[in-house]
Amino acid sequence: MASIMSTRHALRLPSSMRMRLFSSSSSRGAVVEVKRLGVVGAGQMGLGIALVAAQKANVKVTLVDSSQKSLDKGMAFADKLLAKDVAKARLTQEQADHARALLTPTTSLDELSSADFVIEAVPEIPDLKFSIFSRLAQICPPHAILATNTSSISITRIAASTTQDPTDTSASSRVVSTHFMNPVPIQKGVEIISGLQTSAATLEAAVAFCRRMGKITSVSADSPGFLANRILMPYINEAVICLDTGVGDRDSIDAIMKNGTNVPMGPLQLADFIGLDTCLAIMKVLHTETGDSKYRPSVLLKNMVDAGWLGKKSGKGFYDY
Ligand SMILES: NC(=O)c1ccc[n+]([C@@H]2O[C@H](COP(=O)([O-])OP(=O)(O)OC[C@H]3O[C@@H](n4cnc5c(N)ncnc54)[C@H](O)[C@@H]3O)[C@@H](O)[C@H]2O)c1
């Protein structure tokens with residue numbers, strides 16, 4: 001289990017040194033052996049995380065969602081992805097059946113009482129995440145690592161929500177971020193972020209488990225947007241401002257960035273794919289937390305979210321689906 005000593009040790013170091021220390025792969029303390037994974041939220045990220053964990057890390061996965069409809073949709077999507085892998089000879093039917101059998105969907109968070117590692121992937125709403133982590137701290141075993149897939153919310157704040165007593169770090173030292181990239185079965189990168197309370201052993205366990213899932217880990221600091229979204233979201237937001245102010249039309253914006261920077265899709269298509277509500281939520285966090293006007297969300301982005309045009313998941317965004 002995470003030790004308070006290791007948390008304090010990490011805290012005394014300047015952040016640049018902490019990053020270097022945490023980037024090393026030396027072993028410090030026992031790393032939690034993950035036999036049972038819990039995933040909270042069966043949307044596009046949670047489902048992908050659950051499926052890759054079953055396939056690559058060969059762990060039992062309890063997939064929790066408050067909506068039975070989302071669970072049914074997620075499991076149907078998992079079946080579709082596995083069938084596609086079998087059709088393309090990336091998996092045998094036996095391997096696909098084995099991975100599918102490792103997934104157990106449920107609407108009850110209490111089913112995570114024997115999870116060794118939990119990854120939360122519910123919508124980017126701070127109070128929702130805080131209430132889930134408060135419950136996870138009560139429900140999960142005292143050794144369980146409690147990870148969030150948040151795109152932008154402070155890991156320190158999420159960790160703080162696990163306790164009423166900030167001096168008791170028994171749960172908060174086990175909170176960390178495993179920020180998977182979308183789509184999880186395809187993108188190799190995962191950003192690992194520690195909060196102020198996160199122990200070195202927790203960080204190490206998170207890195208080890210993500211590697212077991214076949215991912216390549218990067219470590220970043222608990223700063224608004226971390227690394228990936230600090231760089232990506234202002235780029236997407238600027239593309240929406242360019243559209244809104246007539247600097248270019250949708251197809252010109254996407255074509256020049258796609259063909260000029262050798263990325264698989266332009267920023268507007270990528271925004272649709274991520275979800276415009278998620279993009280807006282991240283821009284709001286960057287803007288509020290830094291107080292820097294360069295992060296102001298585009299008016300058009302706000303209007304599209306107000307209209308319910310959230311991108312691919314709602315059937316309409318910058319493109320129609
Ligand atoms: N979409 C992306 O490209 C992307 C990339 C990286 C990180 N993220 C982050 O991952 C998280 C999830 O994003 P997503 O795109 O998968 O969202 P999503 O809307 O596709 O899925 C969220 C799921 O959470 C479920 N949910 C809501 N409240 C719940 C509760 N109380 N308990 C259990 N389940 C609940 C919903 O029913 C839904 O199925 C967010 O924090 C987001 O910022 C998203």
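The model shown is predicted, which means the values in this text are computed figures rather than measured ones. What you see below is based on every heavy atom in this structure, not just the backbone, and it leaves out hydrogens, waters and symmetry mates.
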(Q) Using side-chain heavy atoms (C-beta onward) and a distance below 4.5 Å, is Y295 in contact with R230? (A) yes

Q: Under the salt bridge (Lys or Arg N to Asp or Glu O under 4.0 Å) rule, collect the residues that match up with K313, sequence neighbours excluded.
A: D277

Q) Looking at R296 and M283, what are the two nearest heavy atoms and their distance? A) O-CE, 4.3 Å

Q) Side chains of Q44 and V184: does their closest heavy-atom pair fall under 4.5 Å? A) no

Q) Is it true that the NZ or CZ of R36 lies under 6.0 Å from the centre of F117's six-membered ring and within 45 degrees of the ring axis? A) no

Q.
Given V64, which partner from the list T104, V118, L112 fulfils the side chain to side chain contact (heavy atoms under 4.5 Å, CB included) test?
A. L112

Q) Do the side chains of I119 and F180 get nearer than 4.5 Å, heavy atoms only? A) yes

Q.
Does K316, at its NZ atom, have more than 12 non-hydrogen atoms belonging to other residues, nucleotides or ligands within less than 6.0 Å?
A. yes

Q: Please check if the side chain of E191 supplies one atom and the backbone of L227 the other of a donor-acceptor pair under 3.5 Å.
A: yes

(Q) Test your reading of the model: is there a side-chain donor-acceptor pair from R90 to the backbone of V86, 3.5 Å cut-off? (A) no

Q. Is N229 reaching over with its side chain to a backbone N or O of S151, donor-acceptor style, under 3.5 angstrom?
A. yes

Q: Answer yes or no: is there a donor N or O on one side and an acceptor on the other, between the side chain of T290 and the main chain of L286, under 3.5 Å?
A: yes

Q) Are R157 and F130 close enough, and set up right, to give a side-chain contact (heavy atoms from CB on, under 4.5 Å), and what steps lead you there? A) CA-CA 8 Å; R157 283 182 70 203; F130 301 155; 3.5 Å; yes

Q) Looking at side-chain heavy atoms only, is the closest gap between L146 and C140 below 4.5 Å? A) yes

Q | Exam field: side chain D222 to backbone S154, donor-acceptor pair closer than 3.5 Å | A | no

Q | Any donor-acceptor pair under 3.5 Å from N182 side chain to I274 backbone | A | no

Q. If we only count heavy atoms from C-beta on, is the D116 to P141 side-chain gap below 4.5 Å?
A. no

Q: Assess whether side-chain contact (heavy atoms from CB on, under 4.5 Å) is satisfied between F77 and L51, documenting all intermediate values.
A: CA-CA 10 Å; F77 190 53; L51 189 57; over 6 Å; no

Q) Under 3.5 Å, side chain of K129 to main-chain N/O of V122, donor-acceptor pair present? A) yes

(Q) Any side-chain to backbone donor/acceptor pair from T202 onto T198? Under 3.5 Å, distance only. (A) no

**Q.** Residue that, paired with L47, satisfies side chain to side chain contact (heavy atoms under 4.5 Å, CB included) out of L63, V52, V39
**A.** L63

Q.
Do E124 and T150 have side chains that approach each other closer than 4.5 Å (heavy atoms only, starting at C-beta)?
A. yes

Q: Check T163 against D165 and note the closest heavy-atom contact, atom names and distance.
A: OG1-N, 2.9 Å

Q: For R212 and A57, work out which heavy atoms get closest and say how close.
A: NH2-O, 2.8 Å

